[in-house]
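Encoded as structure tokens, the structure appears first; notes follow it.
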Amino acid sequence: GKNYKHQIELICNVLGTPSQADLESVTSQKALQFLQNMKPRDRLKFTNQYPNATPQAIQLLESLLCFAPERRLTVEQALQSPFLESLHDPSDEPAGEGPLDFEWEKQVSGES
């Protein structure tokens with residue numbers, strides 16, 4: 001998106017407006033206020049958006065595209081999806097050694 005408001009608009013155009021429970025995961029006060037004042041939107045039906053997609057592909061999309069991060073599949077869970085079965089090779093998929101550090105984003109954006 002062009003800015004945080006535009007990015008939120010784009011996300012909500014696909015995922016719909018977040019539930020009250022989803023809003024608990026928002027840490028930016030500006031973003032939270034913007035979301036709380038947003039007109040309600042429905043989640044896109046991926047089966048309508050992608051009519052030729054397999055049920056496994058739709059299930060994977062629905063499991064990955066969740067507003068609240070704690071509800072999204074992890075990489076390891078996503079790789080277990082039937083949709084990715086032909087690409088999944090546990091012997092060639094090293095796991096990360098811990099959470100990534102995104103503190104630099106706060107410095108760049110001016111948030112603290």
Side-chain angles (χ1 to χ4, degrees):
K2 299 173 189 170
N3 54 51
Y4 80 92
K5 288 181 180 181
H6 185 240
Q7 185 66 37
I8 291 171
E9 293 269 349
L10 293 172
I11 292 168
C12 291
N13 285 343
V14 175
L15 301 182
T17 45
S19 68
Q20 193 61 39
D22 287 340
L23 289 176
E24 292 175 12
S25 66
V26 178
T27 57
S28 166
Q29 282 305 114
K30 289 182 195 177
L32 182 60
Q33 186 175 24
F34 183 73
L35 284 162
Q36 290 171 328
N37 292 318
M38 183 179 270
K39 291 181 183 177
R41 299 171 191 203
D42 292 329
R43 182 180 178 98
L44 285 182
K45 293 187 183 342
F46 293 129
T47 52
N48 294 342
Q49 271 313 102
Y50 307 105
N52 298 322
T54 64
Q56 293 89 355
I58 297 295
Q59 177 59 42
L60 181 58
L61 271 177
E62 289 175 345
S63 299
L64 290 170
L65 298 179
C66 299
F67 195 88
E70 63 274 3
R71 288 193 15 238
R72 292 182 209 136
L73 291 182
T74 64
V75 172
E76 290 83 6
Q77 292 168 327
L79 288 170
Q80 297 294 322
S81 165
F83 181 72
L84 298 175
E85 186 174 27
S86 66
L87 303 173
H88 181 46
D89 180 3
S91 68
D92 191 31
E93 296 166 1
E97 295 183 17
L100 298 175
D101 180 7
F102 289 100
E103 284 299 312
W104 62 271
E105 285 185 333
K106 290 180 181 176
Q107 295 170 353
V108 172
S109 70
E111 286 187 33
S112 43

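Along the sequence shown, the residues carry numbers beginning at 1.
Applying the side-chain contact (heavy atoms from CB on, under 4.5 Å) rule to Val14 yields the partners Leu44, Phe46; only residues at least two apart in sequence or on another chain are considered. The side-chain hydrogen bond (donor to acceptor under 3.5 Å, both in side chains) test applied to Gln33 returns no partner, not counting sequence neighbours. For Ala53, the side-chain contact (heavy atoms from CB on, under 4.5 Å) partners are Tyr50, Ala57, Ile58, not counting sequence neighbours. Shown here are the side-chain hydrogen bond (donor to acceptor under 3.5 Å, both in side chains) partners of Thr47, two or more places apart in sequence or in another chain: there are none. Here Glu76 pairs with nothing under the side-chain hydrogen bond (donor to acceptor under 3.5 Å, both in side chains) rule; sequence neighbours left out. Residues satisfying the side-chain contact (heavy atoms from CB on, under 4.5 Å) criterion with Glu103, sequence neighbours excluded, are Asp101, Lys106. Glu70 pairs by the salt bridge (Lys or Arg N to Asp or Glu O under 4.0 Å) definition with nothing, not counting sequence neighbours. Applying the side-chain contact (heavy atoms from CB on, under 4.5 Å) test to Asn3 and every residue at least two apart in sequence or in another chain returns Lys5, His6. Considering only residues two or more places apart in sequence or on other chains, Thr27 meets the side-chain hydrogen bond (donor to acceptor under 3.5 Å, both in side chains) condition with none of them.
Both Leu64 and Leu87 belong to a common hydrophobic cluster when Ile, Leu, Val, Met, Phe, Trp and Tyr are linked at side-chain heavy-atom distances under 4.5 angstrom.
With hydrogens and angles ignored, the 3.5 Å screen pairs no side-chain donor or acceptor of Arg72 with any backbone N or O of Leu65.
A salt bridge (charged side-chain N to carboxylate O under 4.0 Å, His left out) check over residues 81-95, counting only residues at least two apart or in different chains, returns nothing. Applying the salt bridge (charged side-chain N to carboxylate O under 4.0 Å, His left out) test to residues at least two apart or on different chains, none of the pairs has a partner in residues 58-69. Listed by first and then second residue, the salt bridge (charged side-chain N to carboxylate O under 4.0 Å, His left out) pairs that reach into residues 8-25 are Glu9-Arg41, Asp22-Arg71, sequence neighbours excluded.
The environment of Phe34 atom CZ is dense: over 12 non-hydrogen atoms of other residues, nucleotides or ligands sit within 6.0 angstrom.
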